[in-house]
Amino acid sequence: MENPSSVMIAIAWCLAWGDERSSPNLIMLEQTRQALKDGKEVPEEFQKLVKQVQELQNLPFPNTVEELKQLTEKYPHLWDSQIGLVYGGATKIKQYVFEAAKLPDIRGASALLDRINLIDLPAFFGEYGNVPKSISISQWLKKHFPDLEAALIPELIIYSTGGNILAFCPGYFADDLANAIEKRYTEETLTANSCAVGAKFKALEIRFGLLHNQIDQTFWLEKYNSNLKHELIEAYFYQSDVNDSKQAFKERKSFNELAGKLASLFNQRRNGNDFDNCPSRRYPPMFETHPYLKRDEGDRRSSVMKAEGLPNEPWFSETLARKRIVGQISKRDDSSQDWYYQAGFDWKPNQIYIPSWVKKFEDFLVENELDNQYYNGVKYPEEARSLIEIGNASTPNCFVAYIYADGNNMGGYIQKIKTPQKYQQFSNDIFKATEQSVYKALAQHLHPHQLKNIKDQDKVQRNGRWIHPFEILTIGGDDVMLIVPADKALAIAKTIGEEFERRLADLKDYQIPQRCLYHRYHPQSALSSQCKLSMSTGVLITAEDTPIYYAEKLTNQLLKSAKKGAKELKKYGYYGGTVDFLVMKSVTMISSNISEFRSNGLTKYGSKQQKLKLYAAPYTLHELGGLLETAKALKDAEFPRSQLYQIRSLLERGKQTAILNYRYFRVRLSDKKAQDLLKTQFEEAWCKPKQNNNNGNLAPWMSLKEGKEETEEKVTYETIWRDLVDLYPFIAKAQNNSSLTKSKQQTLQS
């Protein structure tokens, strides 16, 4: 086989192994695998099998059941043998990570899951990528699943990023591998929930989807064509962008159908259904508590130790102790870890490498020659230990921002993937683009920060130390969770979204023709996204002492709002990213949820029932850049803050009142530069009417009217003014007015 893919090697390995506990000729099987990797001739015993595997992906699609039957007769080994396919990973991740109240414990919980996802599970299969063969994992497998290790090789992994793993295995070990995945999560975390399922498939099903054991009874094109109008058939085979019914059938009958079956089994098991040969480990263990026993710091479980040596000597359950020690290791904390080892726990975290996202970020800087730009002469900055330290790097101090980003259009794209090779490539592309986009954004907008004027934290003096002013909670697949200084949050979120699209658009598989643009800010100057996939982001700017679990809840709501906005914009041909944000200056600002807060508090009805939205979120990435530019322009012009607040207060009085008062304030401004700035950077950039032949403006409103048939009463108006006021304290003033002049010139030219 010339230049075989890892998937082809995996299929050949599983077929050659057979459906037994052990292979009768393991040495020759290893020789065959090595020969395939090296492009050499395989042993004669396996030559026929390897040839069939090589032909598998190129088999013509049969038009009738009879043609399908002929394939089973021509390739008996691909029909009679079975291959195991396993899918699994952690579930209810936020429940596990954010059940603790303190950042060190949240950090440790996230790092522990990352270690299992990115290190432990790939190590089941031996050496994989940058993950070396782990002696401790090998010992663990021999103890709990003694025959499993010999049956697993690195090529069996289809993907193992984003908190989930999809992998082939010899058919006999499908249940064992699923059980091993669940057991690893439970043994390492004690309380994290996980789920894994396995199934056996015929090799021909990898190419043609699910087939009936009695091949004559397989539902194929003949029955499909005679039942096209049946609602179940139509729902199962429907493809939104495929008009030809036969092509829709072919798109569905592929490896994607196998992955869909595993996803269905996964959901069933996660919801509580029992499967044969799979013990019930889909639920986390419940630790009994007692009213007269002291609980741990998180008030979740009974404590088992007092951490003497840590500041304030907290009480820990074993679950919380594991999170804290892993957090210390992952953050390369130089404080003592003796408190854990003196407790006498059997679980030893130092036996397996625990990755640090900051270390990966530092490596990225060097590899991409961004280290000089980022470090700016600072040597060996430490990792931030608390939200106080991250907030110290913001202007004003004591504010941080939570960033939660997630990919758009992923489900629709995955439904089009027809081969395991494409699954593998897709997973690698998305993970790499996500990770590098985050690193690029942090390197572009942040620099090491020297701590100043902070109170002693837990009796440890930190003033004067240089730190990386951010916290990467997790990067998994297309998910990102960060904590950054408040004044840089929106710029970082914008760059992450733009870099993600740019990196994927450079690859052929994700390119699309330029789509029509939909932007409320200078649409003629916007660059059209040419990527099928994008990211939506929720950003919460809040005080450093806001409870983390509450901040995470609100950030998740903002993300959902941004994704909803992205979905609505697709009808205008916009496939790019969106960002929704909220500036929360006090915890009591929102009593319910963000949607209700905006509906009840920030949505008014003017005359003739005109709908007035006192906010404009979510924003496209281009609009977010415009919002930041407008806010910077106001700050550079030293626009009177009192008048910013006065105009905001008048928004609630109705459309006409707000327009009249805005224009009154603008013409009364004594500074001619401030008047011109408002006209160019706000009115002409945001408030132009949609009719091109109308030279007026609606400032401070923007019209959302769609379609000529709609009447004046149905028009919705929105404004960015409230968002400008909220962002004003977090916008840095330019060093001189030259930047403002340059910005004006660029705007006028565009």
Strictly below 4.0 Å, N to O, side chains only: are [X] and [Y] in salt-bridge contact?
X    : Y    : answer
E257 : K418 : no
K323 : E99  : yes
R107 : E471 : yes
R503 : D429 : no
E30  : R33  : yes
E498 : K494 : yes

request  = Could you tell me whether a side-chain N or O of S356 sits under 3.5 Å from a main-chain N or O of S330, the two making a donor and an acceptor?
outcome  = yes

Main-chain N/O of Y185 paired to S194 side chain as donor or acceptor, under 3.5 Å = no

query = Just checking, R207 and F255: is the charged tip under 6.0 Å from the six-membered ring centre and within 45° of the axis?
reply = no

message = Taking side-chain hydrogen bond (donor to acceptor under 3.5 Å, both in side chains) as the definition, give me every residue that meets it alongside K563, ordered by chain and number, with sequence neighbours left out.
response = D406, N408

For [X] and [Y], work out which heavy atoms get closest and say how close.
X    : Y    : value
I472 : I475 : CG2-CG1, 3.7 Å
S561 : D580 : OG-OD2, 2.6 Å
A151 : W13  : O-NE1, 3.0 Å

ask   = Do Y402 and L482 come within less than 4.5 Å of each other through their side chains, counting heavy atoms only?
value = no

query = What residues form a salt bridge (Lys or Arg N to Asp or Glu O under 4.0 Å) with R502, not counting sequence neighbours?
reply = E499, D506

message = Is it the case that the ring center of W357 lies less than 6.0 angstrom away from the ring center of F364?
response = no

